[in-house]
Novice: 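Pasting a structure here, questions to come.
Just so it is clear: chains get the letters A, B, ... in the order the sequence lines come, proteins before strands, and each one is counted from 1. Since the structure is predicted, the reported quantities are computational estimates derived from the model, not experimental observations.
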There are 2 protein chains.
Amino acid sequence: MRQTLTNTGRWRSNGLHCHSCAARCDSVWSQLDEPELDRLDQHKSVQRLDPGEVLYGQGDPCKGLFVVQSGSLALRKFDDSGRSVLLRLVVAGQAVGYRCFFDGGRYRAQAEALEATRVCFLKPTLVTKMFEQNPDVVRGMMQRLARELGDAEDRFLMATRRSVRCRLAHALLRLKDHHGEVDDEGVLTVQLPISRQDLADLLGTRPETIARTTRALEKDGVASFHGRRVVIPDLDLLFDELELDGC
Amino acid sequence: MRQTLTNTGRWRSNGLHCHSCAARCDSVWSQLDEPELDRLDQHKSVQRLDPGEVLYGQGDPCKGLFVVQSGSLALRKFDDSGRSVLLRLVVAGQAVGYRCFFDGGRYRAQAEALEATRVCFLKPTLVTKMFEQNPDVVRGMMQRLARELGDAEDRFLMATRRSVRCRLAHALLRLKDHHGEVDDEGVLTVQLPISRQDLADLLGTRPETIARTTRALEKDGVASFHGRRVVIPDLDLLFDELELDGC
DNA sequence: CGTGCCTTTGAAGGTTGTCAACTGTAGTGG
DNA sequence: CCACTACAGTTGACAACCTTCAAAGGCACG
């Protein structure tokens, strides 16, 4: 693998050319034409993160825009007392740091690697230029911001009005899209990308409550939990959890 | 007051010309030049809402962009079971419906008048044209979306990690900016723009808990509540609430 | 094999939600 | 002008859910 020294002083692996980067298809970058992709590729720098490594910290000034090439990140927000929540999981093809980029302030959350992860970094000048020359990308970013805002507002409704059990069922249903597989017999298996502690932070609860709730779901035959592997025999039972009274 | 019939078939009062609209100063529209303001004024239509009247409902297709000229709105989100939360209060000069406008989907919350309110309506074609010709306005809207997203994420952290008492103190501190006044002796009075039920929906709790919590704050001398008038003798005591252990 | 961390389990307590009853207030109609 | 109604707000009692604290179990890593 070719190694070059970037102007940031960090060793990087160029990894894939933007043009052939699989992650691109899934993102707002899919609308860029060849010359744009070339420029992006020339000016991007790639960074490798070990599991748990922090890409940027809450309160840091905005560095630029990041795009996950492979692996995944988590956005974590802390309060003054050190309590934290997980805001979002970021998988290949998705950008991070854009909220701060558009806000113009400082990062209001921390980005950390959930596994070995490669991240492309785009300097603010490059991003600004690209936005100026590609209105479609701007539109795509606005749409993303708007969706994120809608999702965040949904989360607030869920967190304040529904039980942990219901929120857990909901989280499993969302996670299955990126982390689920269905076998021959129609049994769904979800491979959780995060620990129980992080799952608690994602739902806004505590690890102990997660343990008790997973146990309760097992007792009722909705799902069985083996470490990070979740087996869901009947998806309908999971959907029922969203409709129940206590939820 | 001049009355004209718009193409929507609704009677409207033109109210103020955009140029002299006080609400404008406070908003992203402050950057528009004279010709732009003229066009905006020609094509806008003004709508009057009675207290409680719904501007648009959750699930409705996006109609366009609204700007509050006078009065105020609340954004309310419902879940399937009819439980609701208040997402945001919208005061004069602020836009509503932009999240949906950029998302391209349907409204994910309901906008309703908190008092007698005048709202300017801008058709999608007009908004789109204005965005094309005023990159600064687009930047302003992106910044607003980004701030809103950050605020929504803060709310999630608050709602899941802090007590109602702490959230109430925090809400009072935010409300004082637009709804507070300080008298000669340095005593702060906040005139709540919403009912106790809505205050509960804003904090993600129940009216009974609001009543108990306000009473607890009174007992501790932090604030006294008389209907919608809140008297806060010492602001520092309110700030202390944010730092306390249980918060 | 020991250490450290994550996870689980149990017990206890606190915060909040729920239900019901009561109060106060505003609006309505006689 | 006053009774009546309707509804928001309050208060109390109780229960449920969740957090907290403590300890044990499990798993990875040195």
Novice: Ignoring backbone atoms, establish whether B:R212 has a side-chain N or O less than 4.0 Å from OP1 or OP2 of C:dT16.
Specialist: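 Answer no for this pair, as no side-chain N or O of B:R212 is under 4.0 Å from OP1 or OP2.
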
Novice: With distance as the sole criterion, do the side chain of A:E208 and the base of D:dC21 form a donor-acceptor contact below 3.5 Å?
Specialist: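 Under the 3.5 Å cut-off, the side chain and the base do form a donor-acceptor pair.
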
Novice: Pick the nucleotide of DNA chain C nearest each of A:T160 and A:G227; which residue has the one closer to the 5' end?
Specialist: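 Counting from the 5' end, the first nearest nucleotide belongs to A:G227.
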
Novice: Taking the side chain of A:S195 as its heavy atoms from C-beta onward, which of C:dT8, C:dC6, D:dA8 lies nearest to it?
Specialist: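 For A:S195, the side-chain atoms sit closest to C:dC6.
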
Novice: Base, sugar-phosphate, or nothing for B:Q197, non-hydrogen atoms under 4.0 angstrom?
Specialist: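 Contact class for B:Q197: sugar-phosphate only.
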
Novice: State whether A:R215 places a side-chain N or O below 4.0 Å from either non-bridging phosphate oxygen (OP1 or OP2) of C:dT9.
Specialist: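 Affirmative; the distance criterion is met.
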
Novice: Nearest whole Å is fine: how far is D:dG9 C1' from B:E218 CD?
Specialist: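 After rounding, the reported distance stands at 13 Å.
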
Novice: Answer yes or no: does atom CZ of B:R228 have more than 12 heavy-atom neighbours from other residues, nucleotides or ligands under 6.0 Å?
Specialist: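 Correct, the count exceeds 12.
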
Novice: At under 4.0 Å, does any side-chain N or O of A:R206 touch on OP1 or OP2 of D:dT20?
Specialist: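 A:R206 to D:dT20 OP1/OP2: side-chain N or O found under 4.0 Å.
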
Novice: Below the 4.0 Å mark, does D:dT19 have OP1 or OP2 next to a side-chain nitrogen or oxygen of A:T209?
Specialist: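 A:T209 to D:dT19 OP1/OP2: side-chain N or O found under 4.0 Å.
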
Novice: Mind telling me whether A:Y107 and A:Y56 have parallel, tilted or perpendicular rings, with 30° and 60° as the class edges?
Specialist: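 Correct class here is parallel.
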
Novice: With the threshold set at 4.0 Å, does a side-chain nitrogen-carboxylate oxygen contact exist between B:E153 and A:R108?
Specialist: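 No, this pair does not count.
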
Novice: Thinking salt bridges, do B:D201 and B:R83 make one under a 4.0 Å N-O criterion?
Specialist: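 A salt bridge is absent here (no side-chain N lies under 4.0 Å from a carboxylate O).
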
Novice: Nearest whole angstrom, please: distance from the P of C:dT25 to the CZ of B:R229.
Specialist: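 Distance, rounded to whole Å: 13 Å.
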
